[in-house]
K.L.:
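Input: one structure, supplied below.
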Amino acid sequence: MNAPAKTDDFVAAQAPAKIPDGVYAETVLAVEHYTDRLFRFRMTRPAGFRFRSGEFAMIGLMVGDKPVYRAYSIASPAWDEELEFFSIKVPDGPLTSHLQAIKPGDTVLMRKKPTGTLVLDALTPGKRLYMFSTGTGIAPFASLIRDPETYEKFDEVILTHTCRDVAELKYGFDLIEEIRNHEFLAELVGDKLKHYPTVTREEFSHKGRITDLMANGKLFADLGVPALDPAVDRGMICGSTAMLKDTKDLLEKAGLVEGSNNKPGEFVIERAFVG
Ligand SMILES: Cc1cc2nc3c(=O)[nH]c(=O)nc-3n(C[C@H](O)[C@H](O)[C@H](O)COP(=O)(O)OP(=O)(O)OC[C@H]3O[C@@H](n4cnc5c(N)ncnc54)[C@H](O)[C@@H]3O)c2cc1C
């Protein structure tokens with residue numbers, strides 16, 4: 001085959017953008033699109049990269065010759081050999097307008113230090129752990145519900161996931177099915193994990209905002225559990241700013257106190273995105 005003519009275009013195409021120093025450059029292994037707004041991807045995990053289930057990291061792409069980073073919850077558990085992320089697609093988003101087009105073999109950047117408050121260490125001991133999520137806010141809980149430590153520390157784990165449409169719940173349903181069929185997790189998790197999906201804009205078995213379903217008691221009645229009790233219940237919240245505030249208000253009204261990495265408490269919160 002003849003070598004292509006050495007035009008400027010050819011030279012540019014052959015010179016990949018330089019990866020910045022001090023960041024990981026990982027290879028995309030799999031991509032799954034759920035809706036026109038949501039997808040997940042898995043990528044290689046750097047050998048020295050340690051994190052606690054529930055933490056987030058800064059991930060990015062080279063856009064032109066500049067890296068663009070955004071905060072992303074690591075959706076895979078700490079023991080997994082690969083890293084998984086669950087992502088929104090913002091049509092004109094500086095990162096996700098490009099990230100939504102990644103394919104196996106592409107490179108994704110990741111800064112080296114993970115952090116976050118949605119970790120088991122930030123909670124005082126309890127019996128029942130609630131994970132309240134909306135939209136991509138399920139991502140840190142996708143990590144925690146696949147971590148055996150969650151079930152060592154709690155007798156019962158309740159994952160609520162609220163989206164606009166039923167199609168947006170699919171990632172959550174897939175996670176539950178993966179756990180039920182998993183070689184080791186299935187037995188360890190048993191019937192400790194309860195999934196409570198709700199939608200706000202379509203007919204569905206559970207309809208409405210999670211805060212309304214808590215306030216009117218339907219969540220607890222449906223699950224067959226007593227109302228919130230600071231002696232046994234613990235909470236983690238991940239969603240929009242408004243959802244965090246409303247859920248936090250309900251937990252505080254029930255007597256639960258917010259904690260952090262430095263001062264463990266009865267519930268912890270983290271925004272799923274800024275805006
Ligand atoms: C601690 C933390 C953890 C995060 N974890 C995730 C995650 O696991 N998955 C994920 O997709 N995003 C996550 N985000 C949001 C993420 O950092 C980016 O905002 C998102 O990827 C969009 O990037 P962008 O550059 O395309 O658009 P941006 O300029 O960052 O966002 C544009 C606008 O899109 C909306 N938006 C951004 N992210 C979301 C979202 N996740 N859901 C709904 N609307 C959104 C907001 O209105 C925002 O103002 C997290 C943010 C924080 C602070």
Side-chain angles (χ1 to χ4, degrees), residues 32 34-35 38-40 53-54 73-77 80 84-86 118 120 123 126-214 216-228 232-240 243 247 250-251 267-270 272:
E32 185 172 356
Y34 296 101
T35 68
L38 294 170
F39 71 110
R40 75 159 187 153
S53 293
S73 295
I74 303 168
S76 44
D80 201 328
E84 180 174 309
F85 299 94
F86 181 50
L118 300 178
L120 294 169
L123 294 175
K127 289 205 161 71
R128 189 180 298 118
L129 174 59
Y130 284 92
M131 299 171 174
F132 299 104
S133 68
T134 53
T136 60
I138 194 175
F141 306 140
S143 173
L144 283 158
I145 61 169
R146 291 184 278 185
D147 191 327
E149 195 187 338
T150 304
Y151 305 93
E152 282 158 23
K153 292 198 160 166
F154 292 92
D155 298 338
E156 200 174 1
V157 177
I158 294 167
L159 169 67
T160 82
H161 188 207
T162 301
C163 293
R164 294 194 284 197
D165 312 319
V166 176
E168 295 181 336
L169 297 172
K170 171 106 169 60
Y171 179 62
F173 281 115
D174 287 356
L175 283 170
I176 302 298
E177 183 155 331
E178 181 194 319
I179 292 171
R180 303 265 180 253
N181 294 322
H182 192 272
E183 201 182 347
F184 306 114
L185 285 176
E187 199 184 327
L188 197 139
V189 174
D191 56 6
K192 284 184 164 185
L193 175 63
K194 297 200 169 71
H195 181 212
Y196 194 87
T198 90
V199 296
T200 52
R201 294 199 194 162
E202 257 182 11
E203 281 314 313
F204 187 61
S205 48
H206 302 310
K207 187 149 193 278
R209 293 169 181 222
I210 199 65
T211 41
D212 292 338
L213 297 166
M214 286 166 80
N216 67 20
K218 187 165 184 337
L219 170 71
F220 309 109
D222 285 346
L223 291 168
V225 296
L228 290 174
V232 290
D233 290 325
R234 299 292 170 264
M236 291 181 161
I237 319 173
C238 190
S240 65
M243 178 272 194
T247 315
L250 285 166
L251 297 194
F267 74 94
V268 280
I269 66 177
E270 198 152 79

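Computation of the quantities below employed the complete heavy-atom set of this structure, encompassing side-chain atoms and omitting hydrogens, waters and symmetry-equivalent molecules.
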K.L.:
Test of understanding: with salt bridge (Lys or Arg N to Asp or Glu O under 4.0 Å), list the residues that count as partners of Asp155, not counting sequence neighbours.
P.N.:
none
K.L.:
Test of understanding: with side chain to side chain donor-acceptor pair (under 3.5 Å), list the residues that count as partners of Lys218, not counting sequence neighbours.
P.N.:
Asp222
K.L.:
If you round to the nearest 0.5 Å, how far is OG of Ser133 from CE of Met243?
P.N.:
6.5 Å
K.L.:
What closest approach, in Å, do Ile138 and Gly172 show between heavy atoms, and which atom pair accounts for it?
P.N.:
CD1-CA, 3.7 Å
K.L.:
Side chain to side chain contact (heavy atoms under 4.5 Å, CB included) with His195: which residues, sequence neighbours excluded?
P.N.:
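So His195 forms a side chain to side chain contact (heavy atoms under 4.5 Å, CB included) with Leu159, Phe173, Ile176, Pro197.
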K.L.:
Measure across Ala139 and Ser73 and return the closest heavy-atom pair with its distance rounded to 0.1 Å.
P.N.:
CB-CB, 3.8 Å
K.L.:
Enumerate the residue pairs fulfilling ring-ring contact (aromatic ring centres under 6.0 Å, His included) with a member in residues 132-155, sequence neighbours excluded, ordered by first and then second residue.
P.N.:
Tyr130-Phe132
K.L.:
Once ring pair (Phe, Tyr, Trp, His ring centres under 6.0 Å) is applied, do any residues pair with Phe85, and if so which ones, sequence neighbours excluded?
P.N.:
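If we apply the ring pair (Phe, Tyr, Trp, His ring centres under 6.0 Å) test to Phe85, skipping adjacent residues, the hits are Phe41.
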K.L.:
Under 3.5 Å, is there a donor-acceptor pair between the side chain of Arg146 and the main chain of Ala75?
P.N.:
yes
K.L.:
Any side-chain heavy-atom pair from Leu223 and Tyr196 closer than 4.5 angstrom?
P.N.:
yes
K.L.:
Name all residues meeting the side chain to side chain contact (heavy atoms under 4.5 Å, CB included) criterion together with Thr162; count only those two or more places apart in sequence or in a different chain, and write none if there are none.
P.N.:
Thr134, Thr198, Thr200, Ile210
K.L.:
So how far is it from Leu188 CG to Leu193 CG, rounded to the nearest 0.5 Å?
P.N.:
11.5 Å
K.L.:
Considering non-hydrogen atoms only, spot the tightest contact between Gly208 and Leu213 and give its length.
P.N.:
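In terms of heavy atoms, the two residues are closest at O-CD1, 3.8 Å.
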K.L.:
What residues, two or more places apart in sequence or in another chain, satisfy side chain to side chain contact (heavy atoms under 4.5 Å, CB included) together with Glu156?
P.N.:
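Here the qualifying residues are Arg128, Ile158, Lys194, Val225.
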K.L.:
Measure across Leu123 and Gly235 and return the closest heavy-atom pair with its distance rounded to 0.1 Å.
P.N.:
CD2-O, 3.7 Å
K.L.:
Any side-chain heavy atom of Thr247 within less than 4.5 Å of one from Phe267?
P.N.:
no
K.L.:
Side-chain contact, heavy-atom cut-off 4.5 Å: Leu129 with Leu144?
P.N.:
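The answer is no, as the side chains (C-beta and beyond) never meet within the 4.5 Å cut-off.
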K.L.:
Can you sort out the partners of Glu177 under side chain to side chain contact (heavy atoms under 4.5 Å, CB included), two or more places apart, ordered by chain and number?
P.N.:
Asn181
K.L.:
Name all residues meeting the salt bridge (Lys or Arg N to Asp or Glu O under 4.0 Å) criterion together with Glu202; count only those two or more places apart in sequence or in a different chain, and write none if there are none.
P.N.:
none
K.L.:
For residues Tyr171 and Ala142, report the shortest heavy-atom separation together with the two atoms involved.
P.N.:
OH-CB, 3.6 Å
K.L.:
I'd like to check the side chain to side chain donor-acceptor pair (under 3.5 Å) partners of Arg40; sequence neighbours left out, ordered by chain and number.
P.N.:
Glu32, Tyr34, Glu84
K.L.:
Compare all side-chain heavy atoms of His161 with those of Cys163 and state whether any distance is below 4.5 angstrom.
P.N.:
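Side chain of His161 against side chain of Cys163, heavy atoms only: contact under 4.5 Å found.
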K.L.:
Leu120 and Thr150: side chain to side chain contact (heavy atoms under 4.5 Å, CB included), yes or no, with the steps?
P.N.:
CA-CA 7 Å; Leu120 294 169; Thr150 304; 3.7 Å; yes
K.L.:
Say you draw a straight line from CZ of Arg180 to CD of Glu187; how long is it, rounded to the nearest 0.5 Å?
P.N.:
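Spacing of CZ (Arg180) from CD (Glu187) equals 13.5 Å.
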K.L.:
Can you check whether Leu251 reaches Met214 side chain to side chain, under 4.5 Å on heavy atoms?
P.N.:
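Heavy-atom side-chain distance check passes, below 4.5 Å.
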K.L.:
How long is the span from the CD1 atom in Ile74 to the OG atom in Ser53, to the nearest 0.5 Å?
P.N.:
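Ile74 atom CD1 to Ser53 atom OG measures 9.0 Å (nearest 0.5 Å).
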K.L.:
Could you name each residue pair satisfying salt bridge (charged side-chain N to carboxylate O under 4.0 Å, His left out) that touches residues 162-174, not counting sequence neighbours?
P.N.:
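Every salt bridge (charged side-chain N to carboxylate O under 4.0 Å, His left out) pair that includes a residue of residues 162-174, provided the two are not neighbours, is Arg37-Glu168, Lys170-Asp174.
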K.L.:
Looking only at non-hydrogen atoms, find the nearest pair between Ser143 and Gly54 and report the distance.
P.N.:
OG-N, 3.3 Å
